[in-house]
Amino acid sequence: MNNLGINVTNTELAEYFNYTEGNIRHMKKKNPKEYKALLDNYIQYKADSNLSKDPIVIMFMNLKGGVGKSALSRILNDSLSNSEAVIINLDFTRDVKKYTSSDVINYAELQAEDMDLTPTIFINEIKEAGIKFIILDTPGELSNAEVLDALKNVDIFVLPFGSDQEEIDETLKTIELIFLSEIVDENDKPIYPYQKSLNLFFILNNYRDDDELTDTIPPFANSIATLLAPNIDVANFSCSINMIKDSGTTQE
């Protein structure tokens, strides 16, 4: 058993790498470093295969408004087949359908019809319907009951931010609130600190030029490392910072 919870047999390794089981046993005994490299390669293959088969829940989040959460969730949704993806709007303050041609499910409307419905129940219903990508668009207020319940289901967190200091500070505050505070559900069971693999993607949205890029990314990356490194098990953590250059369009 490895730290990803994937069982690997000598038979699987032999079939995947076109070796005999005797080759694998000999390598494990005589050359453990080569065996470990082989094993790690296969584990990554298995993890990627599992990820490609299972539905993926992606949450766009930030305490700061106007950083492009809704716009980027639309872009992602529109890049996928309608049969593969759906956006669930968890922002009760506005109807995202007014801002997009994409199919958007307003959770507030569903909950008004069924008060017992929770995001977890609804997300599971969508998974069972065969939808591959479930995109969650969130409000700036991340501590409401609906968002907290949805958190338990998220596989990938996307945090858009801008280069001004207020947006950077709010992004860091989002990290502290969600990933470094002990959050409990309605039954007082801990949701966070996050228990499963934590995948964070930060997007510097609408930066203007290379100078702004180089002035923002290095100190922001250092701030993230300072916050998360002492608290997150690196074996279960991945982080990426991406950039989208200003296209001349206005963020909502």
Side-chain angles (χ1 to χ4, degrees), residues 48-111 117 119-142 146-147 149-151 153-163 167 170-171 174 178 198-208 212-213 216-217 238-252:
D48 291 343
S49 297
N50 291 342
L51 187 62
S52 67
K53 293 176 183 176
D54 296 336
I56 301 172
V57 180
I58 305 167
M59 177 180 280
F60 285 80
M61 65 191 310
N62 199 316
L63 290 170
K64 181 73 174 67
V67 293
K69 296 191 295 285
S70 296
L72 291 172
S73 65
R74 293 203 309 267
I75 291 170
L76 175 60
N77 184 70
D78 291 344
S79 71
L80 301 166
S81 165
N82 288 337
S83 62
E84 289 186 327
V86 65
I87 298 176
I88 303 175
N89 170 33
L90 293 175
D91 187 345
F92 284 28
T93 63
R94 65 172 181 158
D95 181 354
V96 180
K97 288 180 181 176
K98 296 178 181 178
Y99 299 86
T100 178
S101 59
S102 304
D103 291 330
V104 177
I105 299 173
N106 282 301
Y107 180 78
E109 297 174 2
L110 299 177
Q111 194 181 56
L117 185 69
T120 294
I121 292 173
F122 187 55
I123 288 170
N124 286 332
E125 289 176 354
I126 294 176
K127 288 181 177 180
E128 291 172 2
I131 300 297
K132 185 173 177 57
F133 298 98
I134 302 167
I135 303 166
L136 307 178
D137 187 20
T138 62
E141 176 54 62
L142 296 175
E146 290 73 27
V147 173
D149 182 76
L151 284 172
N153 305 277
V154 177
D155 300 299
I156 298 173
F157 295 90
V158 182
L159 291 88
F161 69 103
S163 58
E167 293 189 10
E170 287 297 296
T171 304
T174 302
I178 300 301
L198 179 58
N199 299 300
L200 298 177
F201 290 83
F202 300 91
I203 298 178
L204 176 58
N205 194 22
N206 278 3
Y207 74 93
R208 291 179 288 274
E212 184 176 350
L213 182 65
T216 302
I217 293 298
S238 66
C239 177
S240 174
I241 302 176
N242 302 282
M243 297 75 70
I244 298 179
K245 198 163 187 176
D246 187 356
S247 61
T249 58
T250 302
Q251 291 293 325
E252 295 170 357

Novice: Do Leu204 and Phe161 touch side chain to side chain, with heavy atoms closer than 4.5 Å?
Specialist: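 In contact.
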Novice: Rounded to the nearest 0.5 Å, what separation is found between the CD1 atom of Ile123 and the CD1 atom of Ile134?
Specialist: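 With rounding to 0.5 Å, CD1 (Ile123) is 6.0 Å from CD1 (Ile134).
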Novice: Is Leu136 close to Val154 at the side-chain level, that is, under 4.5 Å between some pair of heavy atoms?
Specialist: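 In contact.
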Novice: Rounded to the nearest 0.5 Å, what separates atom CD in Glu170 from atom CD in Glu167?
Specialist: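 One gets 9.5 Å once the value is rounded to the nearest 0.5 Å.
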Novice: My understanding is that only residues two or more places apart in sequence, or in another chain, count here; which of them pass side chain to side chain contact (heavy atoms under 4.5 Å, CB included) with Gln111?
Specialist: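 Residues passing side chain to side chain contact (heavy atoms under 4.5 Å, CB included) with Gln111: Phe92, Tyr107, Glu146.
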Novice: For Phe60, check ring pair (Phe, Tyr, Trp, His ring centres under 6.0 Å) against everything at least two apart and list the hits.
Specialist: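 In terms of ring pair (Phe, Tyr, Trp, His ring centres under 6.0 Å), with neighbours along the sequence ignored, Phe60 is linked to no residue.
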Novice: Side-chain contact test, heavy atoms from C-beta onward, threshold under 4.5 Å: evaluate it for Val57 versus Met59 and give yes or no.
Specialist: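 SC-SC contact between Val57 and Met59 ruled out.
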Novice: Can you tell me how far apart CG (Asp91) and OG1 (Thr138) are? Round to the nearest 0.5 Å.
Specialist: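 The distance works out to 7.5 Å.
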Novice: Less than 4.5 Å apart, side chain to side chain, heavy atoms only: is that true for Phe122 and Ile105?
Specialist: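 The answer is yes; the side chains approach within 4.5 Å.
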Novice: Minimum heavy-atom separation for Ser73 and Ile87, please, with both atom names.
Specialist: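 Smallest heavy-atom distance, with atoms named: O-CD1, 3.6 Å.
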Novice: Please give me the minimum heavy-atom distance between Lys64 and Lys69, naming the atom from each residue.
Specialist: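 Taking Lys64 first and Lys69 second, the nearest heavy atoms are O-NZ, 3.3 Å.
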Novice: Please confirm whether the backbone N or O of Thr120 pairs with a side-chain atom of Asn124, one donor and one acceptor, at under 3.5 Å?
Specialist: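 Such a contact is found between Asn124 side chain and Thr120 backbone.
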Novice: How long is the span from the CD1 atom in Ile121 to the CG atom in Asn153, to the nearest 0.5 Å?
Specialist: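 Answer rounded to 0.5 Å: 10.5 Å.
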Novice: Can you list the residues that meet the side chain to side chain contact (heavy atoms under 4.5 Å, CB included) rule with Glu212, with sequence neighbours excluded?
Specialist: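 Side chain to side chain contact (heavy atoms under 4.5 Å, CB included) list for Glu212, sorted by chain: Ser163, Tyr207, Arg208, Asp209, Thr216.
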Novice: Provide the closest heavy-atom pair for Pro139 versus Leu90 in the form atom of the first, atom of the second, distance.
Specialist: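 Heavy atoms of Pro139 and Leu90 come nearest at CD-O, 3.5 Å.
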Novice: Hey, does Phe157 have a side-chain heavy atom less than 4.5 Å from the side chain of Leu151?
Specialist: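 Counting from C-beta outward, Leu151 and Phe157 do come under 4.5 Å.
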Novice: Give me the atom names and distance for the closest heavy-atom approach of Val147 to Leu142.
Specialist: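 Answer, listing the atom of Val147 first, then Leu142: CG1-O, 3.5 Å.
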Novice: According to side chain to side chain donor-acceptor pair (under 3.5 Å), who are the partners of Thr171, at least two apart in sequence or on a separate chain?
Specialist: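 Asn62.
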Novice: Is there a side chain to side chain contact (heavy atoms under 4.5 Å, CB included) between Ile203 and Leu72? Walk through the geometry before answering.
Specialist: CA-CA 10 Å; Ile203 298 178; Leu72 291 172; 4.1 Å; yes
Novice: Measure the CZ-CD1 distance between Phe133 and Ile56 for me, rounded to the nearest 0.5 Å.
Specialist: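 One finds 4.5 Å between CZ of Phe133 and CD1 of Ile56.
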Novice: I'd like to know if the side chain of Thr174 reaches the main chain of Leu63, judged simply by a donor and an acceptor atom lying under 3.5 Å from each other, with no hydrogens or angles considered.
Specialist: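 Here the side-chain-to-backbone pair exists.
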Novice: About how many Å separate CG of Asn77 and CD of Glu84, when rounded to the nearest 0.5 Å?
Specialist: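 Here the rounded value is 10.5 Å.
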Novice: Between the main-chain N or O of Asn89 and the side-chain N or O of Asn106, is there a donor-acceptor pair closer than 3.5 Å?
Specialist: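 Absent.
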